[in-house]
Each structure stands twice: as structure tokens, then as C-alpha cells.
Amino acid sequence: MSDRPSRLTRPINPMPPEVERALVDAGLLELYEARPPYQRNDYLGWIDRAKRPQTKARRLQQMLEELEQGDVYMKMAWRAGRR
């Protein structure tokens with residue numbers, strides 16, 4: 001996980017071990033860490049807020065697919081480097 005300081009002003013969501021394991025197993029940890037801090041934080045909070053295990057699993061899968069695709073963030077078009 002990156003040790004870069006964060007400029008986020010909202011609470012920072014911790015990385016759950018199962019999410020980190022899924023990223024490592026899928027070979028996507030580097031792509032995850034390349035995303036802006038707000039996206040990483042949003043993904044973690046969104047996954048964690050799911051009440052049902054099935055919903056958490058579906059959200060985790062969506063995050064993995066979006067990271068692999070590379071140009072999507074929360075079902076919206078996204079381009080790296082855009083500010």
C-alpha cells in the first residue's frame with residue numbers, strides 16, 4: 001500500500017484485509033494504488049457500507065473490473081491524469 005500523504009478532507013477508510021487480498025490475487029494492487037486517493041477511499045467506503053455479504057462481494061467485483069478496464073470509475077468514464 002502506498003505511503004503517500006493524503007489530501008482528503010473526509011475520513012479515510014481503512015483497507016480491509018479481504019479487499020487487499022482480492023487486489024493482490026487479481027494482480028490489480030498496482031493499478032489500485034495508481035488511482036487518486038479520493039477514488040481509493042470511495043471504493044473502500046462503498047464496499048464497506050454494504051450490509052449484505054452478497055452486496056459487498058458484488059461491489060468488490062465491480063471495483064476489480066473497473067480497475068482492470070482502466071477507464072471507468074463507479075460506472076462513469078474516467079481518464080487517468082485528468083484533474
Side-chain angles (χ1 to χ4, degrees):
M1 189 87 169
S2 174
D3 290 330
R4 292 183 293 198
S6 176
R7 296 183 308 179
L8 294 177
T9 57
R10 58 186 172 230
I12 296 175
N13 297 299
M15 170 72 80
E18 64 273 13
V19 173
E20 186 170 18
R21 173 62 32 214
L23 287 164
V24 169
D25 289 349
L28 297 171
L29 185 59
E30 189 173 315
L31 289 174
Y32 171 83
E33 290 179 343
R35 290 290 179 113
Y38 78 90
Q39 285 188 15
R40 297 191 310 259
N41 194 54
D42 286 352
Y43 274 131
L44 295 179
W46 178 60
I47 293 167
D48 187 57
R49 285 190 302 277
K51 296 190 183 337
R52 298 180 354 182
Q54 300 92 329
T55 305
K56 281 188 189 251
R58 188 177 70 245
R59 290 179 180 184
L60 175 57
Q61 186 61 40
Q62 179 181 326
M63 179 189 75
L64 296 174
E65 289 171 2
E66 290 181 0
L67 290 170
E68 190 168 32
Q69 188 172 346
D71 60 353
V72 179
Y73 164 67
M74 297 287 194
K75 295 188 177 182
M76 298 178 288
W78 177 77
R79 196 174 45 135
R82 186 174 62 181
R83 296 205 182 258

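Bear in mind the structure is a predicted one, so any value in this text is a computation, not a measurement.
When side chains are defined from C-beta on, Arg40 does not count as touching Met15, because their heavy atoms never get closer than 4.5 Å. Residues Met63 and Val19 have side chains in contact (heavy-atom distance under 4.5 Å, counting atoms from C-beta outward). Under the 4.5 Å side-chain criterion, counting only non-hydrogen atoms from C-beta, Asp48 is in contact with Lys56.
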Notebook entry, point to check: Trp78 and Glu66: side chain to side chain contact (heavy atoms under 4.5 Å, CB included), yes or no, with the steps?
Noted result: CA-CA 10 Å; Trp78 177 77; Glu66 290 181 0; over 6 Å; no
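Contact between Pro16 and Pro14 at its shortest, heavy atoms only, is CD-O, 3.0 Å. Leu64 and Ala26 get closest at one heavy-atom pair: CD2-CB, 4.5 Å.
If you take CD1 on Ile12 and CG on Asn41, they are separated by 6.0 Å, rounding to the nearest 0.5 Å. Of the inter-residue distances, the one linking Met74 atom CE with Gln39 atom CD reads 8.5 Å to the nearest 0.5 angstrom. The line from CZ of Arg49 to CG of Asn13 is 7.0 Å long, rounded to the nearest 0.5 Å. We find the CD-CZ distance between Gln61 and Arg58 to be 11.5 Å, quoted to the nearest 0.5 Å. Annotation: the span from Arg21 atom CZ to Leu29 atom CG amounts to 10.0 Å, rounded to 0.5 Å. Note that CZ of Arg59 and CG of Leu44 are 12.5 Å apart. Values are rounded to the nearest 0.5 Å.
Glu30 CD: 12 or fewer foreign heavy atoms inside a 6.0 Å radius.
For the side chain to side chain contact (heavy atoms under 4.5 Å, CB included) with Val72, the qualifying choice from Gln69, Glu68, Met76 is Gln69, the only one to do so.
Ionic pairing of Asp42 and Arg10 is present here: one or more N-O contacts between side-chain nitrogen and carboxylate oxygen are shorter than 4.0 angstrom.
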